[in-house]
Amino acid sequence: MIDLKTIKGTCQELLEFTQKQSEVKEAEAYVSCNTLNVYRIAYHSKIPSNGLEEPKSDENFGLSLRILFKDGKYGMGTSDSNLSKEGFREAYSKAFASRVLDTDFHSLASPAGKMKSKSRIDPKIIKTDEKKGVAKAYEMLEGAFSEIKKSAFSHPTNITGELDLLASRFCVANSNGIFAADENTSTFCTLTTSLEAEQNATGTSFESSSHISKLNTKIAGQESVQKALAMQNPRHMESGKYKVVLSESVVAELFYSRFDLDLSSVDYHATAFPEERMDKKIASEQFSVTDDPTLKGAMGSKIVSDEGIPTRKVDLIKDGVLVNYLSNDYYSKKKNEWAKYAPLHGFRSGTERNYNSDVGIGATNIVVAKGKHSQEELISEVKNGIFVGRLWYTYPVNGYASPDFTSTIRGDSYIIENGKIVGALTPNTMRVLDSFDNFMKNIIAIGKEQKAIQAWGQEEIVITPQIALSEMNLKRISTGLY
Amino acid sequence: MQDKILLPIEKATEVKDSLSKCIGKFSSTSKPLLADLRLEVSNVLAASALNGNVKGATRDYGADIGVRVFYGKKVVAGGFAGKSLGLADFNDIEKVAQSLLQLSLKRAKYNSAIKEKEMKKFKKEGSGLYSTKFAQVKIVDDEWTKPYKKNPLDADISEFIKRSEELSGEISKIRGISANSIAIASGLDRKIFVSSEGTIIEQTRAITEPSIYIAAKGKQSETYHEWIAEAKGLEALEGENSHGKSLEEFAHYLATGTVELSNAPSIDFIKDATVVTDPWFNTLLSHEVCGHPSEADRALKRETAWAGRAWWFNNLQDNQFGKEVGSQEMTISSNPEIEGYGNYKYDDEGTEGKKVVNIEKGILRAFMNSRETSQILGQGANGHMRATSASHMPLIRMSNTYFEAGSFKAQELIEETRDGYYIVGEKTPSIGESRQNFNITCWKCFKITNGEIGQLYRNAGIEYDSSKFFKTIEAADDVKHFNVPNCGKGTPMQTMRVGNGGPHLRAVANITGKRD
């Protein structure tokens, strides 16, 4: 990876080069490099399998310019894999050639205070030891194998998952006086084990950290098998409205599907939280949500946005009332009434500091405030219902402006009777047909411990406790198959 | 405006021989079982507008490279690496390729050593571990260009800016529209593939992909997003596309239709309804519940944690091959040889793409596969491994997967329906983990009464268990193909362009509506 000193130096030179061009009114220089290492596990005991299916990596580095020209037009240009003067000229010529008159683009960001702390990075992720990376991934599989051996489970097994290591470095500087740089590392591992006896018990583990030494992949492997073992001899349930306890993973899944609380979605009328709902009670008083980029060791934490603005915690829903939207500098300036939304979330695409994309709006760590209850108390509160452990394919089926979603219950789910878990729910036999509005309003109790979740294909991190609801609409599916 | 793109796709051709020599040299010294390399250069023009105001434009290139190495003295395993490329990299592309090959070899060696250790340590629990093998395929030296009429790179970006802004402005003026966005993208893509076996392939194609987003506010808010998505040049903007409409015609059609929907009533849940689905809706149906479970890697349970499994395949001894999974009117094919996003000559393993009949008159026959999975299944290699870009690793992806023609006429299916629903236009899917159940919403839903199309409803979709739905299918003969630009699979996520579609179908399904 390119060192941070070089990135900062290049960024400063790029800005100076650009400011010398006669057509330029304001300029922002951005330089970054990113590395992603992924170790993908795929195994089945009865089908020829590779175990570590893919130890792979993808890396990029480059620079970009965002320029407001004297003719009022805005343009962006990039140069891949080139931090030299030639790259500067390339990025500038592209920005000039592609400039457009966006009448909503007023100016680039202005300095807004100093960064409060430095990100903690893991040098072992910055420079991954290839042998150790492969070995660490196999430890997950070994953890699962050991647990299966201990359990004496003798039917076919299917084990899939991954270990990811992500490192990024960037610097941003603009003609309004912003100069900021940061480096981040993060890692997570997840494993799904299916025990293919009659009813396909499935368990999934997920762990994340900013440091690889804090990630115990062997335990993650063992945990996925333990969860699958707990799912044996499951029962079916029939269609109906149930009281439920939602696991952390399920709450996160609902957020990924329907929680569009950014001004870009508002602008596109593509959110179930339009402006008419601002400052209104939309959820149970127990429900509060923040975006908190300052959490130590959390995967989504960032001390500065991609526009060079120091981050801070932001309330989004407070005691059930919608109080804020996420915004970047462009959107905070687009309409007078939007100036009240702090421009803290100008990011270029999630966990990666991506020189190649324009600035959008992104969340960091979405945090659901914890409540007072242990898991046992939540289950006791529900009394008769379902513990929903994992959802699958949760999508906004009735459009972006609707809070409606649908999903299926994949695994790690249990039946609650008389305030206790009495057995597993057969995986893949129930579809959820409900809405995010119902989720928020039907909250009866919130757990006291939070967990960080990142779902497949998503950029934000959701840190949430378990949540009990008075009602969720479930439909029986896959009759005769599972 | 900039006249030429700094890294034209021709650059890929210029380095083809160097890459072939490089992998040849690597192969003779390192002796992998198999090594292959892909390099890709794309040249794109794009512009977008929101509510009649331009937001951005670009005329640019993208380039990247990816490498796979499979190695093992006793137990073969893989190692992979990918990287984005800039202009300067092409001055010494052999050096870039070599370093990725060496890195991948290192990973393959570590992978091989530990896999072997695990096979010995966990003889029972790890009994599925094996030494990676590949089906033999023809060694070729070939070039292929998918024909197109109007070169995207002949356009000036100012044309795209003007067109997107003007169209978005027109749509803004339609009564009931609360927001709209028009984005136009078009370009050329060239891929080079070289392997340690001696294959050298160059493939080029055009992509034109404008997207239309509509938000309407009548009695309720309604949103809709769709593409004109074609592996064609600029002619796709002028009506030479699956919808048979120019960009302007299609945008107006979607806008007025979405406004109409925003004033239509919502539908309630209806059990076991007779539904007639149009080819446009069947794009998602063929994609989600026919195409995806016919991907061999998913069926072989290598994608369980991310994309799920396939309900009709449990293992090599327990599966539905040769058994009835649908009605006699249901035939599903996956064909890279026909027009569509899934049209190519060779996949990203250098295997010639071949038509495969996945389901034949209701009987499950074969999967889309790769060199490795074809020999596991004992089915001929049909070339369905593709990566979104060269730096990503290929996965099994649909080519053009669609329902073949049945014995009915579309009009017949509607006119002979006494009490049912006409489902028009794809919207959003949510599918069970093994593709065993689906809920797919539509753009428009109409009541059919005594063969007549009547009341329009919003918030509608169909939901059913796949096997039950398949067994009720009656198919018409009016096959139409549409393209899906954003099929997600893999980790990290790769969005792939694929083709889908089919004729009108009639079947039984539950109608889903608005939630409480």
Side-chain angles (χ1 to χ4, degrees), chain A residues 38 40 42-60 80-82 90 93-94 97-98 100 102-103 130-131 134-135 138 145 148-149 158 160-162 192 268-270 392-393 395 397-401 404 406-408 410 428 433-435 456-457 477-478 481, chain B residues 1-2 6 53-60 79-86 88-89 106-107 110-111 114-115 122 125-130 132 161 178-179 215 221-223 300-302 304-306 311 315-316 376 391 393 428 430-433 436-437 439 441 459 461 465 488 491 493 515:
Chain A
V38 177
R40 190 161 80 88
Y43 172 78
H44 192 283
S45 57
K46 291 282 181 214
I47 300 172
S49 306
N50 293 309
L52 180 53
E53 180 78 19
E54 288 170 347
K56 60 189 175 183
S57 63
D58 195 0
E59 57 175 276
N60 63 64
D80 301 286
S81 306
N82 191 348
E90 180 184 354
S93 66
K94 285 179 187 176
S98 67
V100 294
D102 176 359
T103 54
E130 295 296 335
K131 193 173 184 181
V134 170
Y138 265 111
F145 283 164
I148 291 167
K149 189 173 189 169
N158 179 207
T160 49
E162 66 187 285
T192 295
Y268 277 71
H269 292 244
W392 187 267
Y393 218 134
Y395 268 32
V397 281
N398 285 333
Y400 302 118
D404 296 348
T406 187
S407 190
T408 53
R410 167 71 181 95
N428 291 337
L433 294 157
D434 218 309
S435 82
W456 175 52
I477 60 170
S478 315
L481 184 63
Chain B
M1 288 288 174
Q2 187 178 352
L6 291 175
N53 185 8
V54 67
K55 291 295 148 191
T58 184
R59 183 187 172 92
D60 206 353
F80 316 91
K83 187 178 178 306
S84 294
L85 296 171
D89 289 316
K106 205 196 279 191
R107 288 174 180 159
Y110 294 143
N111 192 359
I114 300 184
K115 197 201 298 190
F122 292 99
E125 295 76 24
S127 57
L129 291 172
Y130 91 131
T132 313
I161 291 170
S178 51
S221 292
E222 185 74 21
T223 60
L300 293 173
K301 302 185 181 179
R302 293 180 175 195
T304 306
W306 310 274
W311 61 272
N315 56 54
L316 293 168
I376 291 173
S391 65
M393 292 307 121
T428 307
S430 167
I431 318 295
E433 176 268 330
Q436 84 286 9
N437 172 276
N439 182 186
T441 52
N459 277 338
D465 286 344
T491 184
M493 174 75 77
R515 317 293 185 246

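Heavy-atom basis, side chains included; hydrogens, waters and symmetry copies ignored. First the proteins, then the strands, lettered A, B, ... as listed; each starts at 1.
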note = So, the part of A:Ser57 with a heavy atom under 4.5 Å from chain B: the answer is both
inquiry  = If you count heavy-atom pairs within less than 4.5 Å of chain A, which of B:Ala305, B:Ser221, B:Gly86 leads?
reply    = B:Ala305
key: Structural part of A:Leu481 lying under 4.5 Å from a heavy atom of chain B   = side chain
key: Nearest atoms (heavy-atom pairs only) where B:Arg107 meets A:Lys56   = NH1-C, 3.7 Å
ask   = Top residue by heavy-atom pair count (under 4.5 Å) with chain A, among B:Leu85, B:Leu316, B:Thr58?
value = B:Leu85
task = Measure the OG1-CG distance between B:Thr428 and A:Asp404 for me, rounded to the nearest 0.5 Å.
result = 11.0 Å
ask   = Can you tell me if B:Asn53 uses its side chain to pair, donor with acceptor, with the backbone of A:Asp102 under 3.5 Å?
value = no
inquiry  = If we define contacts as heavy-atom pairs under 4.5 Å, which of A:Val397, A:Ile148, A:Thr408, A:Asn60 has the most with chain B?
reply    = A:Val397
query = Between B:Leu300, B:Thr491, B:Asp89, B:Thr132, which residue shows the highest count of heavy-atom pairs closer than 4.5 Å to chain A?
reply = B:Thr491
query = So how far is it from B:Lys301 NZ to A:Ile47 CD1, rounded to the nearest 0.5 Å?
reply = 5.5 Å
task = Using a cut-off of under 4.5 Å on heavy-atom pairs, state which of B:Gly461, B:Gly79, B:Ser127 scores highest against chain A.
result = B:Ser127
query = B:Thr441, B:Thr223, B:Asn111: which one forms the most heavy-atom pairs within less than 4.5 Å of chain A?
reply = B:Asn111
task = Give a yes or no on whether the backbone of A:Tyr393 and the side-chain of B:Ser430 come within a donor-acceptor separation of less than 3.5 Å.
result = yes
Euclidean distance, A:Ser45 OG relative to B:Leu129 CG, rounded to 0.5 Å = 10.0 Å
task = To the nearest 0.5 Å, tell me how far B:Met393 CE sits from A:Asp58 CG.
result = 7.5 Å
Part of B:Ile376 within contact of chain A (heavy atom distance under 4.5 Å) = side chain
query = Given side chains that start at C-beta, do those of A:Ser49 and B:Tyr130 come closer than 4.5 Å, heavy atoms only?
reply = no
query = A:Asn158 and B:Thr304: side-chain donor and acceptor closer than 3.5 Å?
reply = yes
Region of A:Val134 that comes under 4.5 Å of a non-hydrogen atom in chain B = both
message = I need the residue from A:Asn50, A:Asn82, A:Thr192 with the largest number of non-hydrogen atom pairs under 4.5 Å to chain B.
response = A:Asn50
key: Where A:Tyr268 and B:Ala179 come nearest, the two heavy atoms and their spacing   = O-CB, 3.8 Å
Side chain / backbone / both / neither for B:Asp60 at chain A, heavy atoms under 4.5 Å = side chain
request  = Grab the two heavy atoms, one from B:Ala57 and one from A:Val100, that are nearest each other, plus how far apart they are.
outcome  = CB-CG1, 3.8 Å
request  = For B:Tyr110, look at atom OH and say whether over 12 heavy atoms of other residues, nucleotides or ligands are found less than 6.0 Å away.
outcome  = yes
message = Is B:Asn459 in contact with chain A via its backbone, its side chain, both, or neither, using a 4.5 Å heavy-atom distance?
response = both
ask   = Where on B:Lys106 is there a heavy atom nearer than 4.5 Å to chain A: the side chain, the backbone, both, or neither?
value = side chain
remark   = The reported gap from NZ in B:Lys115 to OH in A:Tyr43 (rounded to nearest 0.5 angstrom) is 11.5 Å
note = Highest number of heavy-atom pairs under 4.5 Å with chain A among B:Phe122, B:Trp306, B:Trp311 belongs to B:Trp306
request  = Taking B:Glu433 for its side chain and A:Trp392 for its backbone only, find out whether a donor-acceptor pair lies under 3.5 Å.
outcome  = no
query = Is chain A contacted by the side chain of B:Asn315, its backbone, both, or neither, given a heavy-atom distance below 4.5 Å?
reply = both
